[in-house]
Amino acid sequence: PVKELKYQIEDSFEDSDSYINNPNPINNDLKNSFIFSKISSGSFPDSTKINLKLLNKNDLIIYASAIGNVFALNLKKNDFIWTYSHNKEITSGLSSNKDLIFFVDYDGYLIALSFKGNLEWKTYVGEVFSPPLASDEYILVKNSNNNFILLDLIDGSIKWNYQVPKSPLPTRSWGGLVQSEGIIYSGIGSGKVVAINSKNGLFIWESTYSPPKGVSEIERSNDTTSDVVVDEFAVYVVSSNGNIAALNKLDGSILWKRALSSFNGLVLNNDKIYVTHNSGAIYCIDKNSQKVLWRNSDLLGRDVSKGYVFKDFLIVSDYEGYIHFLSLNNGVINARFKFADGKHINPMSLIDDENLFLTSLKGDYYWVESKLNNYNKPQLNINNNEKINILLEGDEINENKTKEDNEDLLDKLIFWD
């Protein structure tokens with residue numbers, strides 16, 4: 001549709017500074033559908049040196065500061081139960097399995113801690129920026145030279161490594177590693193994805209889903225800076241400057257791809273992909289057909305985070321500390337709350353079906369419980385909750401039609417007012 005083309009031009013080709021210098025204002029007339037009860041709040045130690053490392057495990061929030069201290073916060077008691085002083089800058093992590101906590105420090109050592117805060121072992125793996133991949137069988141890291149290293153959990157000895165060619169201009173990326181059915185998937189530079197056998201480190205396939213474009217190395221920089229997402233049949237991935245795509249799990253062949261860039265990444269929920277564009281626009285895409293089902297542009301220029309599915313909503317944060325609740329069905333913002341004066345750490349932690357754990361870049365944390373207030377889910381609404389009465393000559397939304405008939409009609413003209 002013509003309007004989708006207009007959106008792509010807006011998001012991909014207009015001067016990005018226009019969004020950054022003139023972010024969309026917040027609409028304070030929004031009537032919230034939620035009531036939040038703040039359970040507890042506080043501040044992490046070393047908050048002036050905060051790093052983007054949070055881990056929710058066994059009723060503990062494990063936090064690592066940039067200067068090298070690791071803390072364990074007991075959620076029920078709202079109290080720090082232990083501290084590990086590493087005294088080296090932490091560059092990647094945190095990750096865990098059922099027994100151990102892992103991170104990598106500035107000197108290139110992979111550190112393994114127990115859940116009581118005791119050092120178990122450390123092994124040199126090189127410069128690492130993406131979180132280690134921890135399972136109950138192994139721990140895997142990818143260093144800045146694109147060397148994949150798998151280590152033994154007992155003593156940290158290296159079992160195998162696999163070297164992928166390094167990009168000409170790599171990004172200090174925190175794009176993580178994903179394991180599915182014994183296969184490790186990872187986005188790498190130059191718009192590529194690689195699949196490796198976790199048992200022996202053997203190469204399975206490599207796929208280029210977003211070829212670099214441009215003349216200079218800066219223009220051609222096109223890394224996968226976020227986690228890939230895997231389901232039963234496909235691998236879904238988005239690049240920082242190019243395409244979003246679905247790849248066949250078996251051989252890496254491209255099932256579909258389309259122009260859409262994201263530095264933050266995507267989330268998969270049932271048959272829909274939710275992705276935050278670099279401009280701040282949020283897209284909902286059908287994972288099977290690559291069709292854009294809706295787009296929300298209310299938050300352009302607001303440094304919007306990756307989305308997280310919570311109940312019937314996609315929640316995102318922005319640079320002012322607002323948490324926005326978008327309907328999964330049509331992208332309309334149903335509620336928003338401001339917990340902090342600045343941006344929240346990405347990711348937010350979804351503790352369970354009712355609780356969120358939010359942390360600001362300033363080091364303040366908020367443990368909140370949601371209570372639904374009999375909200376009405378939007379029905380066939382688009383743009384500012386205006387109901388579409390007539391879409392095409394002879395076609396109109398009719399309460400006597402089946403839900404499938406109305407949704408099929410809406411699918412045809414999702415971009416038209």
Could you tell me whether the side chain of [X] and the main chain of [Y] form a donor-acceptor pair under 3.5 Å?
X      : Y      : answer
Ser210 : Gly191 : no
Thr276 : Ser305 : yes
Asn197 : Ile183 : no
Asn143 : Val125 : yes
Ser198 : Gly182 : yes
Asn248 : Leu250 : yes
Arg302 : Gly280 : no
Ser239 : Asn243 : yes
Asn296 : Gly331 : yes
Thr91  : Val128 : yes

key: Residues Ile315, Leu326; criterion side-chain contact (heavy atoms from CB on, under 4.5 Å); working and verdict   = CA-CA 6 Å; Ile315 57 175; Leu326 286 72; over 6 Å; no
Would you call the rings of [X] and [Y] parallel, tilted or perpendicular, where under 30° means parallel and over 60° means perpendicular?
X      : Y      : answer
Tyr274 : Trp294 : tilted
Phe203 : Tyr162 : parallel
Phe313 : Phe325 : perpendicular

message = Run Asn97 and Phe102 through side-chain contact (heavy atoms from CB on, under 4.5 Å) and show every step you take.
response = CA-CA 9 Å; Asn97 58 17; Phe102 303 97; 4.1 Å; yes
ask   = Hey, are Lys249 and Asp231 close enough for a salt bridge, meaning a charged N less than 4.0 Å from a carboxylate O?
value = no
ask   = Salt bridge between Lys338 and Glu320, side-chain N to carboxylate O under 4.0 Å?
value = no
Give, for atom [atom1] of [X] and atom [atom2] of [Y], the distance between the pair rounded to the nearest 0.5 Å.
X      : Y      : atom1 : atom2 : answer
Phe129 : Ser144 : CZ    : OG    : 6.0 Å
Tyr209 : Ile254 : OH    : CD1   : 10.0 Å
Asn161 : Phe148 : CG    : CZ    : 11.0 Å
His324 : Ile333 : NE2   : CD1   : 6.0 Å
Asn278 : Leu260 : CG    : CG    : 8.5 Å
Ser279 : Leu300 : OG    : CG    : 5.0 Å

task = Indicate whether any N or O donor in one side chain lies under 3.5 Å from an N or O acceptor in the other, for Asp251 and Ser253.
result = yes
Using a 4.5 Å cut-off on heavy atoms from C-beta on, say whether the side chain of [Y] contacts that of [X].
X      : Y      : value
Ser262 : His277 : no
Leu314 : Val309 : yes
Trp205 : Leu247 : yes
Leu293 : Lys272 : yes
Val178 : Ile184 : no
Val267 : Ile273 : no
Val164 : Lys142 : no
Val104 : Ile111 : no

Which atoms form the tightest heavy-atom contact between [X] and [Y], and what is the distance?
X      : Y      : value
Ile90  : Ser65  : CD1-O, 3.9 Å
Gly301 : Pro23  : O-CB, 3.3 Å
Val228 : Ser186 : CG1-C, 4.4 Å
Tyr138 : Gln179 : OH-CG, 2.9 Å
Ser114 : Trp82  : O-CZ2, 4.2 Å
Ser135 : Leu153 : O-CD1, 3.6 Å

remark   = Applying side-chain hydrogen bond (donor to acceptor under 3.5 Å, both in side chains) to Asp105 and not counting sequence neighbours gives His86
Residues in side-chain hydrogen bond (donor to acceptor under 3.5 Å, both in side chains) contact with Lys88, at least two apart in sequence or another chain = Asp107
key: Trace of the side-chain hydrogen bond (donor to acceptor under 3.5 Å, both in side chains) decision for Asp364 with Ser43   = CA-CA 4 Å; Asp364 299 322; Ser43 297; 2.7 Å; yes
request  = Given side-chain contact (heavy atoms from CB on, under 4.5 Å), test Leu202 with Ile196 step by step and report yes or no.
outcome  = CA-CA 6 Å; Leu202 293 179; Ile196 304 170; over 6 Å; no
request  = Would you please test Val275 and Ile244 for side-chain contact (heavy atoms from CB on, under 4.5 Å) and show each step?
outcome  = CA-CA 9 Å; Val275 58; Ile244 182 173; 4.3 Å; yes
